[in-house]
Amino acid sequence: MEGRYYLDRIDLADPASPVLLPKVNVPGVLVAASEDGRDLTTLETEWNGERVASYLHGLTLRADGRAELRGSAALAGYPSGAARAGGFAWAITTDWSGGAAVTELAAVELGTMQVRSRQAVEGSWAWLRKAAGGKLFLQAGWNEQGLLVYGLADPARPTFERFARTQGWAQDIVVGGGVAYLPSGPYGVPMVELAP
């Protein structure tokens, strides 16, 4: 069974009277868009009966309101989040095809849609939550509940910096003044010091 995905766009030229524009057919779900809304990144998952594959797609929104596919980056396994900042996107996937779960962080250069690095995320499941403040934040689950922080000094090769234990799922990550604030519902707003 195949599905179709559509991007809803809202014109905010007059914030008091937003206008819903025609839908745009895109492959997968929206990860992020450039500030001008013309460059889109989507994430799509495909099951061929034996394996799950995921794809980060780079699209350009044309003047006629249609999306033109620039390229795609293939990733092994089922995705658990993606983020985009500057000229890169990152995605987490978990692949079970080898008999054991392998969770991987991939860095994709948006200009070429080439995978620039892949690295294993050890120890547990992980969900990519956000790229902010020159850092990449992954929520780790199961036995090791907490936040994995990666530095993006080289966005093509994120560098693991630290693990910070959390009591619950961070609903958002807000970065400011060298600190990551983690609004966590009933657990309050834990704070994580970040490396410069």
Side-chain angles (χ1 to χ4, degrees), residues 28-44 54-60 70-95 101-166 169-184 189-196:
V29 296
L30 181 67
V31 170
S34 60
E35 196 163 313
D36 66 2
R38 295 285 177 210
D39 184 47
L40 311 173
T41 303
T42 64
L43 179 62
E44 182 177 29
S54 298
Y55 301 90
L56 272 176
H57 300 294
L59 301 114
T60 302
R70 288 191 333 275
S72 302
L75 309 169
Y78 191 81
S80 55
R84 169 186 163 148
F88 279 84
W90 304 271
I92 292 284
T93 57
T94 302
D95 186 10
V102 176
T103 301
E104 197 172 68
L105 169 61
V108 176
E109 185 177 359
L110 294 174
T112 62
M113 293 308 295
Q114 296 295 309
V115 176
R116 294 300 177 200
S117 70
R118 299 176 194 265
Q119 58 183 288
V121 177
E122 300 294 336
S124 65
W125 297 87
W127 294 265
L128 202 155
R129 300 288 288 144
K130 196 171 210 176
K135 308 289 181 192
L136 198 58
F137 299 95
L138 285 63
Q139 181 80 48
W142 285 27
N143 295 331
E144 298 295 327
Q145 182 78 28
L147 194 69
L148 301 165
V149 181
Y150 286 76
L152 294 176
D154 178 358
R157 288 168 187 74
T159 304
F160 176 75
E161 291 182 353
R162 71 172 292 190
F163 171 79
R165 187 166 300 285
T166 59
W169 184 271
Q171 296 172 5
D172 193 6
I173 298 157
V174 179
V175 177
V179 176
Y181 299 90
L182 315 175
S184 302
V189 183
M191 297 178 288
V192 176
E193 295 285 336
L194 301 174

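Quick caveat: nothing in here was measured; it's all calculated off a predicted structure.
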Taking the side chain as everything from C-beta on, heavy atoms only, tell me whether [X] gets closer than 4.5 Å to [Y].
{"X": "L182", "Y": "V189", "answer": "no"}
{"X": "E104", "Y": "V121", "answer": "no"}
{"X": "L147", "Y": "I173", "answer": "yes"}
{"X": "T42", "Y": "L59", "answer": "yes"}

Residues which pass side chain to side chain contact (heavy atoms under 4.5 Å, CB included) with [X], listed by chain and number, not counting sequence neighbours:
{"X": "Y55", "result": "E46, A53, H57, A74"}
{"X": "A91", "result": "L56, L75, A82"}
{"X": "T112", "result": "E109, Q114, R116"}

Review point. Which residue pairs pass the side-chain hydrogen bond (donor to acceptor under 3.5 Å, both in side chains) test with at least one member in residues 84-94, sequence neighbours excluded?
Key: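 Residue pairs passing side-chain hydrogen bond (donor to acceptor under 3.5 Å, both in side chains), neighbours aside: D39-R84, T41-R84, T94-T103.
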Check your understanding: Which residue pairs pass the side-chain hydrogen bond (donor to acceptor under 3.5 Å, both in side chains) test with at least one member in residues 146-163, sequence neighbours excluded?
Key ->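 Found K135-E161.
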Review point. Taking R165 for the side chain and G146 for the main chain, is one N or O donor matched with an acceptor at less than 3.5 Å?
Key: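 No, R165 side chain to G146 backbone: no donor-acceptor pair under 3.5 Å.
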Exercise for review: Ignoring hydrogens and angles, tell me if any N or O in the side chain of Q139 forms a donor-acceptor pair with the backbone of A170 under 3.5 Å.
Suggested key: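 Yes; at least one donor-acceptor contact below 3.5 Å.
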Exercise for review: May I ask you to decide whether D172 forms a salt bridge with R129, counting only side-chain N to carboxylate O separations under 4.0 Å?
Suggested key: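 Between R129 and D172 there is no salt bridge, as every charged N stays at least 4.0 Å from the carboxylate O atoms.
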Minimum heavy-atom separation for [X] to [Y], with atom names?
{"X": "A83", "Y": "A131", "value": "CB-N, 3.9 Å"}
{"X": "L110", "Y": "R70", "value": "O-NH2, 3.1 Å"}
{"X": "P158", "Y": "A107", "value": "CD-CB, 4.1 Å"}
{"X": "V179", "Y": "M191", "value": "CG1-CB, 3.7 Å"}

**Study point:** Nearest-0.5 Å distance that lies between atom CD1 in I92 and atom OG in S54
**Key:**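 Reported to 0.5 Å precision, the distance equals 11.5 Å.
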Review point. Can you tell me how far the CG atom of L148 sits from the CG atom of L128, to the nearest 0.5 Å?
Key: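 Those atoms lie 10.0 Å apart.
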Practice item. With sequence neighbours excluded, give me every salt bridge (Lys or Arg N to Asp or Glu O under 4.0 Å) pair touching residues 29-38. Key: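 Every pair satisfying salt bridge (Lys or Arg N to Asp or Glu O under 4.0 Å) with a residue in residues 29-38: there are none.
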Review point. Given the rule in the side chain to side chain contact (heavy atoms under 4.5 Å, CB included) test, do L194 and F137 qualify, once you have shown the distances and angles that lead to the verdict?
Key: CA-CA 11 Å; L194 301 174; F137 299 95; 4.0 Å; yes
Check your understanding: Among all residues two or more places apart in sequence or in another chain, which pass the ring pair (Phe, Tyr, Trp, His ring centres under 6.0 Å) test with Y181?
Key ->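 Ring pair (Phe, Tyr, Trp, His ring centres under 6.0 Å) check on Y181 returns nothing, list empty.
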